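Below you'll find the structure, written out as structure tokens, and then a few comments.
Because the structure is predicted, anything quoted here is derived from the model rather than measured. Residue numbers count from 1 along this sequence.
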Amino acid sequence: MARRNARAGGHDDDAPVFVISVAAELAGMHAQTLRQYDRLGLVTPSRTRGGGRRYSTRDVALLREVQRLSQEGVSLAGIQRILELETQVDALQAKVAELTEALDQARAALASGSRVFAVGPMGEVVPIRPGQRPPRHASSQALVVWRPER
């Protein structure tokens with residue numbers, strides 16, 4: 001899930017700009033550790049055409065978080081699960097914000113006295129007040145016999 005986050009001055013936190021040695025130095029760990037984290041799927045850097053790893057500022061921050069959790073005694077499997085859950089929480093929070101905005105717009109539309117429409121008995125569009133049911137057509141006098149097949 002690529003998120004774009006351009007800072008003032010045009011810096012993009014997701015731009016893959018650091019080679020593995022620079023990323024390792026920025027994160028305060030050995031380059032071999034970064035390779036291991038990549039193999040495990042904890043931090044997945046971008047790749048060049050030749051297969052070289054390129055890390056973004058966001059990747060380096062994630063590496064620091066992995067290192068912090070590891071130093072607190074969390075296993076790599078535990079760290080992976082924590083990162084998955086954090087990603088899931090971020091997605092759910094974004095969905096809640098989206099739904100809250102949609103609800104606010106619907107409430108504003110109702111408060112402004114906007115019209116609501118429904119489908120009438122012949123398929124036509126009929127205006128109704130909020131909370132009102134569309135008019136029903138007269139019920140049919142037809143008789144339907146159902147016989148189950150044996």
Worksheet item: Partners of Arg68 by salt bridge (Lys or Arg N to Asp or Glu O under 4.0 Å), sequence neighbours excluded?
Response: Glu65, Glu72

Worksheet, complete the sentence: In this structure, CG of Leu62 is separated from CZ of Arg64 (nearest 0.5 Å) by 11.5 Å

Discussion item. Looking at every non-hydrogen atom in both residues, tell me the closest pair between Ile20 and Ala31 and how far apart they are.
Written reply: CD1-O, 3.6 Å

Discussion item. Let's go through Leu63 and Tyr55 carefully: what are the C-alpha distance in whole Å and the side-chain angles of both, what is the deciding distance for side chain to side chain contact (heavy atoms under 4.5 Å, CB included) to 0.1 Å, and is it a yes or a no?
Written reply: CA-CA 10 Å; Leu63 288 166; Tyr55 292 83; 4.1 Å; yes

Worksheet item: Is the backbone of Leu34 close enough, under 3.5 Å, to the side chain of Arg53 for a donor and an acceptor to pair up by distance?
Response: no

Worksheet entry | Donor-acceptor under 3.5 Å (Gln80 side chain, Leu40 main chain) | yes

Worksheet entry | Intermediate values then yes/no, side chain to side chain donor-acceptor pair (under 3.5 Å), Gln32 and Arg35 | CA-CA 5 Å; Gln32 193 60 34; Arg35 289 183 188 94; 3.3 Å; yes

Worksheet item: Is Glu124 atom CD crowded by more than 12 heavy atoms from other residues, nucleotides or ligands, each under 6.0 Å away?
Response: yes

Item to complete: Answer yes or no: is there an ion pair linking Asp38 with Arg47, defined by an N-O contact shorter than 4.0 Å?
Response: yes

Item to complete: Look only at the side chain of Asp104 and the backbone of Glu101, and say whether a donor-acceptor pair between them is shorter than 3.5 Å.
Response: no

Worksheet item: Closest approach of Ser70 and Ile79, non-hydrogen atoms and distance?
Response: N-CD1, 3.6 Å

Item to complete: Measure across Arg54 and Pro45 and return the closest heavy-atom pair with its distance rounded to 0.1 Å.
Response: O-CB, 3.4 Å

Fill in: CD-CG distance between Glu84 and Leu42, expressed to the nearest 0.5 angstrom
9.0 Å

Worksheet item: Side chains of Thr57 and Phe18: does their closest heavy-atom pair fall under 4.5 Å?
Response: yes

Fill in: Rounded distance (nearest 0.5 Å) linking atom OG1 of Thr100 with atom NZ of Lys95
11.0 Å

Worksheet entry | Among Thr87, Val66, Leu69, the one residue meeting side-chain contact (heavy atoms from CB on, under 4.5 Å) with Ile82 | Leu69

Worksheet item: Considering all heavy atoms of both residues, which atom of Leu76 and which atom of Gln36 are nearest to each other, and what is their separation?
Response: CD1-NE2, 3.8 Å

Discussion item. Let me confirm one number: the OG-CZ distance from Ser75 to Arg81, rounded to the nearest 0.5 Å.
Written reply: 12.5 Å

